[in-house]
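Convention: sequence-line order gives letters A, B, ...; per-chain numbering from 1.
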There are 4 protein chains.
Amino acid sequence: MPEGRRGAVRSTAAHTAVLRAAAELVERVGFERMTIEGIAQAAGVGKQTIYRWWSSKSAIVAEALFEGVLFPESFLTADTGDIAADLTTWLESVFRYLRDPAHAGLLVSLIGGAVADAEIGLRLTERLGAAPSSLLLRLEQAAADGRLAGDPRIVADALIGVIVMRILTRAPVPDADAAALVALVLGAGSGRPTY
Amino acid sequence: MPEGRRGAVRSTAAHTAVLRAAAELVERVGFERMTIEGIAQAAGVGKQTIYRWWSSKSAIVAEALFEGVLFPESFLTADTGDIAADLTTWLESVFRYLRDPAHAGLLVSLIGGAVADAEIGLRLTERLGAAPSSLLLRLEQAAADGRLAGDPRIVADALIGVIVMRILTRAPVPDADAAALVALVLGAGSGRPTY
Amino acid sequence: MPEGRRGAVRSTAAHTAVLRAAAELVERVGFERMTIEGIAQAAGVGKQTIYRWWSSKSAIVAEALFEGVLFPESFLTADTGDIAADLTTWLESVFRYLRDPAHAGLLVSLIGGAVADAEIGLRLTERLGAAPSSLLLRLEQAAADGRLAGDPRIVADALIGVIVMRILTRAPVPDADAAALVALVLGAGSGRPTY
Amino acid sequence: MPEGRRGAVRSTAAHTAVLRAAAELVERVGFERMTIEGIAQAAGVGKQTIYRWWSSKSAIVAEALFEGVLFPESFLTADTGDIAADLTTWLESVFRYLRDPAHAGLLVSLIGGAVADAEIGLRLTERLGAAPSSLLLRLEQAAADGRLAGDPRIVADALIGVIVMRILTRAPVPDADAAALVALVLGAGSGRPTY
DNA sequence: TGATAATCGAGACGGTACGTCCTGTCTTTCA
DNA sequence: TGAAAGACAGGACGTACCGTCTCGATTATCA
């Protein structure tokens with residue numbers, strides 16, 4: 001028998017309604033313009049119910065990200081054995097996604113969330129590199145196999161970092177940059193053209 | 001005689017007082033917690049004076065960054081001819097700066113500003129890569145000389161991107177990562193061991 | 001030249017709109033159910049404008065009473081020289097007013113206001129005894145002329161006190177009680193039969 | 001053992017705990033600042049238990065008054081046969097009680113309760129005139145004996161009314177006013193000085 | 001040299017959202 | 001199975017800022 005707790009239990013309906021409403025609002029109006037009051041109203045929930053379970057709107061967004069309610073895209077591709085090809089395919093699909101201004105706006109917004117709450121940054125990184133951290137896992141596997149010259153963690157930061165920089169500065173993300181970036185971080189040994 | 005303009009002229013005292021107060025407040029309370037009203041009060045200036053000359057608090061911060069009133073650090077090092085050594089020295093000094101939690105907090109805050117206003121992102125990038133865009137210039141010079149295998153713009157994004165990722169996720173910035181990152185983006189062709 | 005004051009001046013439009021809205025709301029929903037937010041909305045005014053000038057909703061009601069915006073009835077009658085007759089006429093008109101349940105409700109409500117703020121009690125007493133305290137003045141005049149046996153202040157309290165008791169206990173106020181009460185407080189010496 | 005009933009039985013302990021907690025809270029924070037939640041917590045009782053038995057906080061206070069849990073003072077004096085002396089003694093003891101600001105505050109608060117619920121007014125009147133309505137009984141007895149010139153109900157209202165007025169307006173209650181008021185309402189026939 | 005026009009500090013204005021508190025109802029667990 | 005504990009939707013509280021506006025005073029130009 002678990003801990004002797006009395007009283008009503010957390011309402012899952014309210015819980016998911018809040019996450020869903022938050023996700024919908026981040027996409028529609030952005031992280032900074034979204035309000036707790038707006039979430040409560042959209043979710044049909046009392047404000048106190050939100051404050052009871054989350055400490056801030058960033059905490060809600062972090063959980064929505066983690067639960068895949070918000071930003072449920074998966075950019076991960078199959079493992080073909082060719083790490084360079086796989087990373088390029090992945091980057092290209094991320095770039096393609098970002099070319100939609102609405103998507104770019106959502107990600108700018110989520111970086112704003114990451115400023116307020118580091119966990120949002122982690123969750124966002126996971127989402128970009130595909131859920132549970134597979135980008136890093138694949139890179140570590142490649143490093144273990146000798147197919148990767150650099151530290152997997154730094155390579156991952158460089159890849160995601162370029163994406164984030166392009167998001168933050170609203171810079172274009174041409175497909176050509178995907179292959180070029182992969183070539184850069186995989187090093188000459190991986191057979192990249194010098195172009 | 002040009003445009004016939006009558007009346008009092010813009011007060012430079014008020015102008016610089018606002019920039020100074022904004023800089024002080026970003027450092028003390030952070031971008032998001034800083035308010036226009038707070039800036040006005042700290043600067044001893046009417047709110048209307050601020051709204052007359054700036055459109056938002058991000059515009060004030062962008063100008064403060066541009067004018068060097070806020071975040072006046074310079075990380076640029078002399079050009080020794082060894083691009084790898086120079087980049088490593090630069091990265092190490094940025095990393096050293098970030099190890100102070102107050103500095104890291106300031107930069108997190110400024111990324112928050114970049115979310116609100118892309119220009120803050122540009123100004124911040126310039127500050128990190130040293131004023132007027134010298135990081136990019138140096139990389140372009142190196143590319144022109146054949147000392148750089150990748151696209152200078154992508155290399156710059158990767159370098160700054162890693163810094164931004166570490167700031168956003170509040171991850172540690174060990175000195176060793178500086179050399180490793182430089183080796184990564186310069187590639188084996190630059191004559192550095194990949195450690 | 002008066003005190004050197006800078007900045008915009010208090011808006012009389014907002015001021016009177018608040019008093020009017022408060023008066024309307026006390027009558028419609030009662031003192032306790034009336035909210036500051038409701039007043040602000042009905043007056044088309046920001047909440048802060050209310051809090052800037054009044055410390056509580058009772059302060060607003062007290063001022064509305066004082067200014068005659070709320071409860072502007074005047075029960076005072078002409079001075080015929082016959083204090084007993086005048087007081088009886090006055091009491092009868094107050095009783096007649098109270099027989100309307102809406103009026104009785106308003107007065108119960110205002111007594112609730114008096115509980116929160118003694119000034120409301122004073123203003124209310126003035127209103128009941130007719131503006132500027134004429135009940136007391138008439139009684140003092142009568143006492144000076146030897147037409148009143150008791151302390152005018154106590155006589156006034158007894159008269160108003162009976163009214164307040166009937167309001168508080170929602171007891172009926174038959175016209176006959178008016179003459180009886182006047183006879184009681186004026187005493188046999190005033191030439192009226194004690195019925 | 002009576003009827004074979006299982007489970008917990010209606011708790012009288014909870015009942016009295018609620019009344020006691022309510023009494024304690026009215027005295028400590030006042031009627032309007034006291035909350036149902038606060039009573040429940042102070043009584044160690046669930047909120048639902050309160051709502052099951054009482055319809056509002058005024059109902060609780062009314063019952064606490066009726067049961068003598070709250071405001072258990074007794075101002076009644078012995079019947080010496082001299083109605084004027086007895087009433088004066090009684091009024092003086094009420095006035096003495098009111099001179100303690102804490103007591104005056106409690107009574108202001110209870111008048112606030114009477115505004116919310118007329119029954120509180122009745123119970124309060126009874127308490128002031130001593131438990132079960134003895135003030136009125138004594139006056140009726142005096143009237144029957146020809147010792148009272150006025151309608152006993154009006155006399156009672158005038159006596160209590162003056163007390164209530166002094167409470168509501170926070171006016172002083174000098175001992176001298178006791179005799180004067182009694183003289184006023186008993187009329188010249190009772191041998192009062194004309195002063 | 002006065003009228004005109006723009007600036008300045010100050011601060012009131014209508015609003016929106018904050019985070020807290022309480023209401024009255026409903027739900028779960030314990031004794 | 002009654003009562004505690006406590007979650008729920010709702011709504012008002014008093015505060016903090018927003019961006020606009022108005023005020024009286026202070027410059028600067030133009031006629």
Side-chain angles (χ1 to χ4, degrees), chain A residues 1-11 13-15 17 33-38 40-41 43-53 55-57, chain B residues 1 3-11 13-15 17 33-41 43-53 55-57, chain C residues 1 4-11 13-15 17 33-38 40-41 43-53 55-57, chain D residues 5-11 13-14 33-38 40-41 43-53 55-57:
Chain A
M1 201 173 303
E3 34 147 355
R5 217 199 130 284
R6 271 200 291 189
V9 94
R10 178 172 191 175
S11 154
H15 185 187
R33 291 220 302 254
M34 168 178 76
T35 68
I36 299 235
E37 231 154 48
Q41 184 155 359
V45 140
K47 261 204 292 185
Q48 196 56 250
T49 299
I50 294 184
Y51 283 108
R52 183 152 33 232
W53 302 111
S55 58
S56 61
K57 78 177 171 176
Chain B
M1 201 172 298
E3 33 143 3
R5 215 198 134 286
R6 275 195 292 186
V9 92
R10 177 172 190 176
S11 152
H15 184 194
R33 290 221 302 254
M34 167 180 77
T35 67
I36 299 244
E37 234 156 44
I39 297 171
Q41 184 156 358
V45 140
K47 261 205 293 184
Q48 196 56 251
T49 301
I50 293 184
Y51 282 107
R52 187 152 29 230
W53 303 110
S55 59
S56 62
K57 80 176 169 175
Chain C
M1 196 178 305
R5 218 201 129 285
R6 275 200 292 184
V9 94
R10 180 173 190 174
S11 153
H15 185 188
R33 288 220 304 255
M34 168 179 76
T35 67
I36 299 236
E37 232 155 46
Q41 185 155 359
V45 140
K47 260 205 291 184
Q48 198 56 250
T49 298
I50 293 184
Y51 283 108
R52 191 162 15 240
W53 303 111
S55 58
S56 62
K57 77 178 170 175
Chain D
R5 239 186 109 282
R6 272 191 311 167
V9 91
R10 172 173 167 164
S11 156
R33 289 222 305 255
M34 168 180 76
T35 67
I36 300 242
E37 232 157 43
Q41 184 155 359
V45 139
K47 260 204 295 184
Q48 197 56 251
T49 302
I50 293 184
Y51 282 108
R52 191 154 26 231
W53 294 345
S55 58
S56 61
K57 78 176 171 176

Report the residue (A/Gly7 or B/Gly7) whose heavy-atom-nearest nucleotide on DNA chain F is the more 5′ of the two.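 Closest to the 5' end, via its nearest nucleotide, is A/Gly7.
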
For A/Val9 and C/Glu37, find the nucleotide of DNA chain F closest to each by heavy atoms; which residue's nucleotide sits nearer the 5' end?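 So the residue in question is A/Val9.
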
Using heavy atoms to find the nearest nucleotide of DNA chain E for D/Met34 and A/Gly38 separately, return the residue whose nucleotide is more 5′.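 Counting from the 5' end, the first nearest nucleotide belongs to A/Gly38.
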
Closer than 4.0 Å, any side-chain N/O of [X] to the OP1 or OP2 of [N]?
X       : N      : result
D/Thr49 : F/dA4  : yes
B/Ser11 : E/dT7  : no
A/Arg6  : E/dT29 : no
D/Arg52 : F/dG2  : no
A/Trp53 : F/dG6  : no

Checking all strands, does C/Gly44 fall into the base, sugar-phosphate, or nothing category for heavy-atom contacts under 4.0 angstrom?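 The residue C/Gly44 makes sugar-phosphate contact but no base contact.
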
Determine, step by step, whether A/Trp53 and A/His15 satisfy the side chain to side chain contact (heavy atoms under 4.5 Å, CB included) criterion, reporting the C-alpha distance in whole Å, the side-chain angles of both residues, the deciding distance to 0.1 Å, and the verdict. CA-CA 9 Å; A/Trp53 302 111; A/His15 185 187; over 6 Å; no

Just jot down the side chain to side chain donor-acceptor pair (under 3.5 Å) partners of C/Glu37, sequence neighbours excluded, or say none.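 Partners of C/Glu37 by the side chain to side chain donor-acceptor pair (under 3.5 Å) criterion, ordered by chain and then number, come out as C/Lys47.
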
Any residue meeting side chain to side chain contact (heavy atoms under 4.5 Å, CB included) with B/Arg33, in chain and number order, not counting sequence neighbours: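 Applying side chain to side chain contact (heavy atoms under 4.5 Å, CB included) to B/Arg33 gives B/Val29.
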
Nearest of F/dG14, E/dG11, E/dG9 to any side-chain atom of C/Ile36?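 From the listed options, F/dG14 comes nearest.
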
Options F/dC13, F/dT20, E/dA17, nucleotide nearest the side-chain atoms of C/Tyr51: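 The answer is F/dC13.
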
Rounded distance in Å - [atom1] ([X]) to [atom2] ([N]):
X       : N      : atom1 : atom2 : value
B/Ile39 : E/dG9  : CD1   : P     : 14 Å
D/Gln41 : F/dG6  : CD    : C1'   : 12 Å
A/Arg10 : F/dC8  : CZ    : P     : 7 Å
C/Lys47 : F/dG11 : NZ    : C1'   : 11 Å
C/Ile50 : E/dG15 : CD1   : C1'   : 13 Å

Search all heavy atoms of [X] against all heavy atoms of [Y] and return the closest pair with its distance.
X       : Y       : result
A/Ala43 : A/Ala17 : CB-O, 3.5 Å
B/Ala14 : B/Thr49 : CB-CG2, 4.3 Å
A/Gly46 : A/Ala40 : C-CB, 4.3 Å

Looking at the base of F/dA4, is there any donor atom on it, or on the side chain of D/Gln48, that sits under 3.5 Å from an acceptor on the other one?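 Absent.
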
Quick check on the helix from E/dT1-F/dA31 to E/dA31-F/dT1: what's the angle between its two end axes, five base pairs per end, to the nearest 10°?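 Axis angle across the helix from E/dT1-F/dA31 to E/dA31-F/dT1, nearest 10°: 10°.
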
Hey, could you give me the NZ/CD1 distance between C/Lys57 and C/Ile50, rounded to the nearest 0.5 Å?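 Taking NZ in C/Lys57 and CD1 in C/Ile50, the distance rounds to 12.0 Å.
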
